[in-house]
Amino acid sequence: MQFDQLYQEIILEHYKRPHGRGLREPFGGEAHHVNPTCGDEVTIRVAVAGDKLADVSYEGMGCSISQASASVLHDLLADQPVDEAFKVHDAFVELMQGRGQVEPDEELLGDGVAFSGVARYPARVKCALLPWMAFKDAAVRAGVAVGPEVKA
Amino acid sequence: MTSLAIPSTFDVASLRADFPILGREVNGHPLVYLDSANTSQKPRQVLDVMRAHHERHNGNVSRSVHTLGTEATLAYEGAREKVAAFVNAPDPAEVVFVKNSTEAINLVAYAFSNASVTPGSDPRFRLGPGDEVVISEMEHHSNLVPWQLLCERTGATLRWFPITEAGRLDESGLDTLVNERTKLVSIVHMSNILGTINDPSRIVARAREVGALVLLDCSQSVPHLPVDVRALGVDFIAFTGHKMLGPTGIGVLWGRGELLDAMPPVLGGGSMIETVTMEKSTFAPPPARFEAGTPPIVEAIGLGAAIDYLSEIGMPAVQAHEQEITEYALSALESVPTLRIFGPTVTEGRGGTISFALEGIHPHDVGQVLDDEGVEVRVGHHCARPVCVRYGVPATTRASFYVYTTTEEVDALVRGLERVRKVFG
């Protein structure tokens, strides 16, 4: 059933017990993104060490989808090589923009595959993408080269 | 659940049969439509009139000598007469058709703007540094942003009434807020987020003392209760067709004839002129002066049909029905643990729009679970973000009722909220 695919247990679990939440120092770049239709907010900080993302920390308030997405983002990207992190970023964005037609790569996306149901709810895709768009801006500000343009 | 003080004078079940959409299912459940403050559903009578117009009478208005054009003009102007009678306006020429409430309010704002840079214009519409425009913290963005922009353009100052904790307009500072510098007061009649119905009488009296004009945003009141522009004593009202059983794309600016006469045009083009030379134009009297271009003809006619429908029921009966539903809903919602209502918790001085929060659960999630049960509510800041800020929440969940709403639908909402608490508790 569609609804259960939207609110998968993994998403509710990340929402209720978020991983790595809280803004941490030091960081190289920070971005604050808002969803103007619902007021969801997220701030992401990116710390770079060499060719690795030493930390990706965050703070936010909003719906379960946006906040769980930030928690999953932290799990997937913190302590990852920059190249690898952007592969994951691009795969997540592709999944969200796929209208439910994209088969997610579980090896690459981990808990992120739980969001595949969200892609069938156009009103909620922006919620899931909010932290990922903020991450991209924060990474640019931290001086990390990024891949091709993506649109929320 | 509670004793119903005012009996309805119409049968809701048979009325619902007029609304085809109410028969559909959403996610396997009967549709429970609790978002009428956002947009209302349309009865067959409105849809039929609009279809018949396109099928039988379509022609452009105010410019054709042929039969179709004449029929279309009569129907369009007939709709204007219905609107005027519905709000007790003295003259149909005081009714300007626009796209929606937002456009109606912007029309007044831009008339001020244009007058402010036009030598010899009526001083009541001239704004500059030192002048003040007064609104309230309770406004929809459509009665807030146009005035911010106008003040930025003219150098005037924007001021506002605050909201009390109970969700009422705080008029304690009335005499200082509305003063000799005030040129316009523009406030909401019924709040789209709190449901509060404001009594503008003290504000109107004070505005008269200082010579300020008064605009009342009636987007949420005209659809739900009897509105009489003469009794209100205001200068302008704005409302929109799609919230009152009519189609989208049609709204109304009502203004006192003498003021509309004094206002400069806003949009220039066809149908709003008197004579045109290559150098200069003179302008038609209102309402044509403010209706440049081909207007939303069938939409206006649809609004006329919606007014016929509402008048048949009678606005006092519409209001009484919604009061019943609101009383039932306020009491039912209070039984939901951790639920907090924003705005008045008594039916007195409020309409059938109730905003609330479930502690610790974001409205987006509330709305999504309810939708899975077929219950359609609005979530977000409802284009009234300062109200959310006032109460320290990013967003609310809002259930809003209309003439077709039943107590069973309120029960479905309450059941849905129980499921929300189970999923996110």
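Chain letters run A, B, ... following the sequence lines, proteins first and then strands; every chain starts at 1.
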S.K.: Rounded to the nearest 0.5 Å, how far does CD1 of B:I361 lie from OH of A:Y15?
M.R.: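 That separation rounds to 7.0 Å.
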
S.K.: Does any heavy atom of chain A fall under 4.5 Å from the side chain of B:V366, the backbone, both, or neither of them?
M.R.: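 It is neither, since no heavy atom gets under 4.5 Å.
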
S.K.: Are there over 12 heavy-atom neighbours, none belonging to B:Q148, within less than 6.0 Å of that residue's CD?
M.R.: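 Atom CD in B:Q148 is packed in, count exceeds 12.
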
S.K.: Tell me whether A:R141 at atom CZ has more than 12 heavy atoms from other residues, nucleotides or ligands lying less than 6.0 Å away.
M.R.: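 Count over threshold, so yes.
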
S.K.: In this structure, are over 12 heavy atoms from other groups packed under 6.0 Å from A:F27 atom CZ?
M.R.: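 Yes - once you tally the heavy atoms of other residues, nucleotides and ligands closer than 6.0 Å, there are more than 12.
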
S.K.: Is it the side chain or the backbone of B:V423 that comes within 4.5 Å of chain A heavy atoms, both, or neither?
M.R.: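 For B:V423, the contact with chain A is made by backbone and side chain together.
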
S.K.: Please walk me through it: do B:D365 and A:Q67 pass side-chain contact (heavy atoms from CB on, under 4.5 Å)?
M.R.: CA-CA 12 Å; B:D365 293 320; A:Q67 301 307 303; over 6 Å; no

S.K.: How about CD on B:E25, more than 12 heavy atoms from neighbouring residues, nucleotides or ligands closer than 6.0 Å, or not?
M.R.: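 Yes, because the 6.0 Å sphere around CD of B:E25 holds more than 12 heavy atoms from other groups.
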
S.K.: Any non-hydrogen side-chain atom of B:H362 less than 4.5 Å from a side-chain atom of A:D40?
M.R.: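 In short, these two side chains touch, coming nearer than 4.5 Å.
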
S.K.: Taking side chain as C-beta onward, heavy atoms only, is A:L6 less than 4.5 Å from B:Q368?
M.R.: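 Yes, at least one pair of side-chain atoms sits under 4.5 Å.
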
S.K.: Compare all side-chain heavy atoms of A:M61 with those of B:P394 and state whether any distance is below 4.5 angstrom.
M.R.: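 Side-chain contact under 4.5 Å: yes.
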
S.K.: Given side-chain contact (heavy atoms from CB on, under 4.5 Å), test A:C127 with B:H364 step by step and report yes or no.
M.R.: CA-CA 9 Å; A:C127 307; B:H364 242 161; 3.6 Å; yes

